[in-house]
Amino acid sequence: MEINKLKCDTVGRLRRVKKDNGLTISQIMDMLEKRNCYISETTIKRLFSENNDPSSFKYQSTIAPLADVLLDIYNDESGSEDVSALKAMIHDKNEMISILVVKNEEIRADYEKRINHLQKQIAMLEEHLLFREKQIDKKDDIISKLLSKVVD
């Protein structure tokens, strides 16, 4: 189950619980406050508004705290879908992390290989530069000697 379907299902259940129990926004905010959660009144109003798309809300910071409060208090038994969906999401994310770790190691190995190659090239160029500098010094000496003989 993908996250947007999870959001829509959970928000649908939250809306039913609110409607069935005649809860007001301020009552919901009080319940959240008792659990040390804060969601702005505007966000809660938007979430419970029928014309807003639930997929636009963040699950972790908005929908989950409301679900913890409302579905737990009013004994909504449909949470097993959420649990299985969340387990599937965690499994998928763990697999993605494993894949990314392998890719990271491959990238790091390639990076180290490139660095090693570039360091060898730099060393070779430095040797070449030293060789050229020595040749220039020899030529300077020869020119100096020739000039001193011409002047004499």
Side-chain angles (χ1 to χ4, degrees), residues 1-15 18 25-26 28-73 76 78-152:
M1 180 184 303
E2 68 178 52
I3 188 71
N4 286 334
K5 182 167 178 9
L6 175 66
K7 287 179 181 181
C8 290
D9 292 346
T10 306
V11 170
R13 289 197 321 270
L14 290 171
R15 288 174 180 166
K18 179 186 179 293
I25 299 297
S26 62
I28 293 170
M29 289 181 70
D30 289 341
M31 288 182 232
L32 285 167
E33 187 178 331
K34 287 178 186 175
R35 296 240 183 141
N36 294 322
C37 294
Y38 177 77
I39 301 171
S40 74
E41 183 177 358
T42 306
T43 301
I44 295 173
K45 284 180 181 177
R46 283 187 22 240
L47 184 86
F48 284 107
S49 172
E50 292 294 329
N51 58 357
N52 273 324
D53 180 24
S55 64
S56 66
F57 294 93
K58 293 180 179 176
Y59 190 86
Q60 195 65 32
S61 62
T62 304
I63 298 172
L66 282 166
D68 284 344
V69 169
L70 295 180
L71 301 181
D72 186 38
I73 290 174
D76 182 62
S78 56
S80 63
E81 287 180 19
D82 282 348
V83 171
S84 62
L86 290 173
K87 284 181 180 178
M89 285 174 44
I90 289 170
H91 179 267
D92 291 345
K93 287 187 178 199
N94 285 340
E95 285 198 14
M96 182 58 72
I97 288 170
S98 297
I99 290 169
L100 291 174
V101 165
V102 169
K103 283 185 179 182
N104 186 37
E105 289 172 359
E106 290 172 355
I107 290 170
R108 178 169 286 150
D110 184 52
Y111 171 78
E112 293 294 329
K113 182 180 170 184
R114 288 179 186 213
I115 290 290
N116 190 25
H117 175 72
L118 290 173
Q119 287 172 337
K120 286 179 182 177
Q121 280 187 326
I122 290 170
M124 186 177 69
L125 290 172
E126 285 175 342
E127 287 177 20
H128 187 67
L129 183 61
L130 285 172
F131 175 76
R132 293 288 182 184
E133 285 177 353
K134 286 180 183 177
Q135 285 184 329
I136 290 172
D137 288 342
K138 283 181 183 178
K139 289 179 181 178
D140 284 347
D141 285 344
I142 293 171
I143 291 173
S144 293
K145 288 178 184 178
L146 289 173
L147 282 176
S148 67
K149 286 185 181 183
V150 170
V151 175
D152 290 337

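Numbering of residues begins at 1 and proceeds along the displayed sequence.
Residue Asn116 holds its CG atom at 11.0 Å from CD of Gln121, rounded to the nearest 0.5 Å. Annotation: the span from Ile143 atom CD1 to Lys139 atom NZ amounts to 8.5 Å, rounded to 0.5 Å. Taking CE of Met29 as the reference point, atom CG of Leu66 lies at 10.5 Å (rounded to 0.5 Å). Here the straight-line distance linking atom OG of Ser49 with atom CD1 of Ile44 works out to 13.5 Å at 0.5 Å rounding. Ile136 CD1 to Phe131 CZ: the interatomic distance, rounded to the nearest 0.5 Å, is 11.0 Å. Between the CG atom in Leu47 and the NZ atom in Lys18 there is a gap of 10.5 Å [rounded to 0.5 Å].
Applying the salt bridge (Lys or Arg N to Asp or Glu O under 4.0 Å) rule to Glu33 yields no partners; only residues at least two apart in sequence or on another chain are considered. With sequence neighbours excluded, the residues that form a side chain to side chain donor-acceptor pair (under 3.5 Å) with Ser26 are Thr24.
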Intermediate values then yes/no, side chain to side chain contact (heavy atoms under 4.5 Å, CB included), Leu14 and Phe48:
CA-CA 8 Å; Leu14 290 171; Phe48 284 107; 3.9 Å; yes
Could you check His117 against Lys113 for side chain to side chain contact (heavy atoms under 4.5 Å, CB included), going step by step and ending with a plain yes or no?
CA-CA 6 Å; His117 175 72; Lys113 182 180 170 184; 5.9 Å; no
Please assess Asp141 against Lys145 for the test salt bridge (Lys or Arg N to Asp or Glu O under 4.0 Å), listing each intermediate value before the final yes or no.
CA-CA 6 Å; Asp141 285 344; Lys145 288 178 184 178; over 6 Å; no
May I have the step-by-step check of side chain to side chain contact (heavy atoms under 4.5 Å, CB included) for Val11 and Phe57, ending in yes or no?
CA-CA 10 Å; Val11 170; Phe57 294 93; 5.7 Å; no
What do the steps show when you test Glu106 against Asp110 for side chain to side chain contact (heavy atoms under 4.5 Å, CB included), and what is the final call?
CA-CA 6 Å; Glu106 290 172 355; Asp110 184 52; over 6 Å; no
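Between Leu70 and Met31, the shortest heavy-atom contact is CD2-SD, 3.9 Å. Heavy atoms only, all atoms of each residue included: Ala67 and Thr10 are closest at CB-CG2, 3.9 Å. Shortest non-hydrogen contact noted between Arg35 and Asp68 is NH1-O, 3.1 Å. Considering all non-hydrogen atoms of both residues, Arg15 and Arg46 come closest at NH2-O, 4.5 Å.
You'll find the side chain of Leu32 reaches within 4.5 Å of the side chain of Pro65, heavy atoms only. Looking at heavy atoms from C-beta onward, Arg132 lies in side-chain contact with His128 at the 4.5 angstrom threshold. Residues Ser40 and Thr43 have side chains in contact (heavy-atom distance under 4.5 Å, counting atoms from C-beta outward).
The pair Arg108-Glu112 fails the salt-bridge criterion, with no side-chain N (NZ, NE, NH1 or NH2) lying under 4.0 Å from an Asp/Glu carboxylate O.
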